[in-house]
Every structure is written in structure tokens, then in C-alpha cells.
Amino acid sequence: MAAPIAVAIDAPDIETAARWASEVAPHVSTVKVGLELYLRYGPEVVGTLRGGNKTSVFLDLKLHDIPATVAGAARNLARLKPSILTVHAAGGREMISAAVEAAPQTTIAAVTLLTSLDDAALADVGITGPSADAARRLAVLAVESGARALVCSPNEVASLRAEVGPEVTLITPGVRPAGADHGDQARVATPEAAYEAGADLLVIGRPITRAADPGAAAASIAAALRRAEAASA
Ligand code: C5P
């Protein structure tokens, strides 16, 4: 069975993106398309990455606007049948419910706080106090508004799970196999640690896509997750 991994297809062009997607497709459940690729190629990129593969497409477009606009955007995106679509929890209750209602077949995942913002940067935009508290507050607000998934750092998985219960899908970027280059990710966990903490879907980009053989890198992480699953069963 394909491992619960969403490979971040952050490629410079659609040809490279299509190649990465087909190489990893036998091993992972999902491929993730972000703003960079979507804004260059539009809806076409979704079909190209799905190709003949059975992988789900996760549209990481982090919508954030007034509720009517987000509803319209989510309705249009729902036609592409993404399995997951992201919105910013900071858009508020009405905006999140508007997305949920407009795309009933898609899991709406809320991003709590961007991990690129440190405490000083958060204070600049008016969010004071411990960032973990703000992230928890936004997570609860998002789930109460109908979001069925949250994007969070591997370090937050255990505390958010306690807050939102077992039914909410927790999606974690910042995953690095032991010994891999951290790149620009500050807070990282190994795939096994993220999985053991209770993450449901691991977002992994460069450790797979920048490997000499992306298919082999995906297969190796998928095997490590299966071992972790067997050990905890
Ligand atoms: O290459 P890497 O494994 O760091 O890719 C992580 C992916 O997850 C990127 O597409 C990045 O935009 C995304 N992401 C993240 N941190 C968040 C939310 C999304 O790294 N808080």
C-alpha cells in the first residue's frame, strides 16, 4: 500500500514535475502542488501530475480572502478533484466554513501559523504570547469551522492531537530522514518520529525530489514508515 506521504513537487517546470510525480507514484499516496507551479501552469498541472497514477493531488494554495471569494475559489478548485486543499486558519470561522461548504468532496486543511514566522515576526503582526498557544487556538477554531485537517509542525502533533481528537488529519512538513540536509527547515523530525507522534500524512519535498533517484528515495522512506508501523502495532 502507498505510504502516507505527500511529496512536495516544488519543481521549476512542468516537465520536471511530471517526471518526479511518476517516479514517486508507486510508493506514496499523494503529490503536493504549491503556488509556484500552480500560478505558472494553472489547472493543467493537476491533470499532468495525476497522469495515469493513482496518487491523490494535494493543492497547497493557502487561500486567505473574504468568505465569498474563498468560496468561489474553492468551488472552482473542487472541479480539479484535489484530495486536500489548504486555507489559512487566520481567515476566520466564516471563511473556513465557506471553503468547506464550497468543496464538500475535498478535505479542507487549515494552516495555523506559518512556521517561517518567529515570535518577533508574529508580534509585528499583532500575535503576542507563546506561538504554540496561538497555533492551538487557530487549530480549534478551524476544526470548529469544519476543517477536517490541519497543517502543523511535527513538534506540535502530539499537543494538537490532544486538542482536536482522533478524527482530524494532521499533516506535517519539516520531515527529514536522519542525516539528510535540513535545508531551510528549522524544526524537523524524522519520518518515523513524525509518524509515531501521530501524524497522518507527512509532507516531504527535497529529501525525495532532490535525491539522485527520487523513486528510490520515496521507496526507502515508505519502507521505514512501514517498519515503524509494524513496530507500533
Ligand atoms: O522540501 P521540503 O521537504 O522542505 O518541502 C516542504 C514542503 O512543505 C514545501 O512545499 C513547503 O512549502 C511546505 N510547507 C512547509 N512548512 C509549512 C507549510 C508548508 O515547509 N509550515
Side-chain angles (χ1 to χ4, degrees), residues 3-12 16-17 20-21 23-24 27-40 45-46 49 55-64 82-91 107-119 121-122 125 127 131-132 134-136 138-139 142 147 149-157 159-160 169-195 197 199-212 214 217-218 220-222 224-225:
I5 296 172
V7 179
I9 305 288
D10 296 322
T16 310
W20 288 349
E23 287 175 9
V24 304
H27 311 290
V28 304
S29 64
T30 310
V31 292
K32 183 175 88 71
V33 177
L35 279 171
E36 192 179 342
L37 218 47
Y38 191 83
L39 291 182
R40 176 157 177 203
V45 74
V46 174
L49 294 199
T55 34
S56 307
V57 176
F58 171 174
L59 272 181
D60 188 13
L61 303 182
K62 297 191 179 68
L63 304 182
H64 191 171
S83 58
I84 303 172
L85 170 67
T86 48
V87 302
H88 274 290
T107 295
I108 299 298
V111 176
T112 54
L113 293 176
L114 291 174
T115 44
S116 50
L117 300 174
D118 61 14
D119 285 349
L122 287 169
V125 294
I127 299 175
S131 59
R136 257 200 310 277
L138 286 162
L150 296 167
V151 180
C152 64
S153 110
N155 312 337
E156 291 166 353
V157 167
S159 72
L160 284 190
T169 300
L170 296 182
I171 303 171
T172 57
V175 175
R176 290 287 177 274
D181 187 354
H182 287 191
D184 50 9
Q185 296 284 11
R187 292 177 296 145
V188 301
T190 62
E192 297 89 327
Y195 176 80
D200 299 294
L201 183 66
L202 311 185
V203 174
I204 308 178
R206 290 160 291 182
I208 291 176
T209 57
R210 302 299 160 130
S220 144
I221 298 175
L225 283 183

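In this chain, numbering begins with 1 at the start of the sequence shown. Counting starts at 1 for both ligands and their atoms, in listed order.
- Using a 4.5 Å heavy-atom cutoff, the side chains of Val7 and Thr209 are in contact.
- Residues passing the side-chain hydrogen bond (donor to acceptor under 3.5 Å, both in side chains) test with Asp200 are Arg161, sequence neighbours excluded.
- Checked against side-chain hydrogen bond (donor to acceptor under 3.5 Å, both in side chains), Thr16 has the following partners two or more places apart in sequence or in another chain: Asp13.
- Considering only heavy atoms from C-beta on, Val203 stays 4.5 Å or farther from Thr172 through its side chain.
- In terms of the side-chain hydrogen bond (donor to acceptor under 3.5 Å, both in side chains) criterion, residue partners of Thr86 (sequence neighbours excluded) are, by chain and number, Asp60.
- Contact residues for ligand 1 (protein heavy atom closer than 4.0 angstrom to any ligand atom): Ala8, Asp10, Lys32, Lys62, Thr115, Pro173, Arg176, Gln185, Val203, Ile204, Gly205, Arg206, Pro207.
- No side-chain heavy atom of Thr55 sits less than 4.5 Å from a side-chain heavy atom of Thr30.
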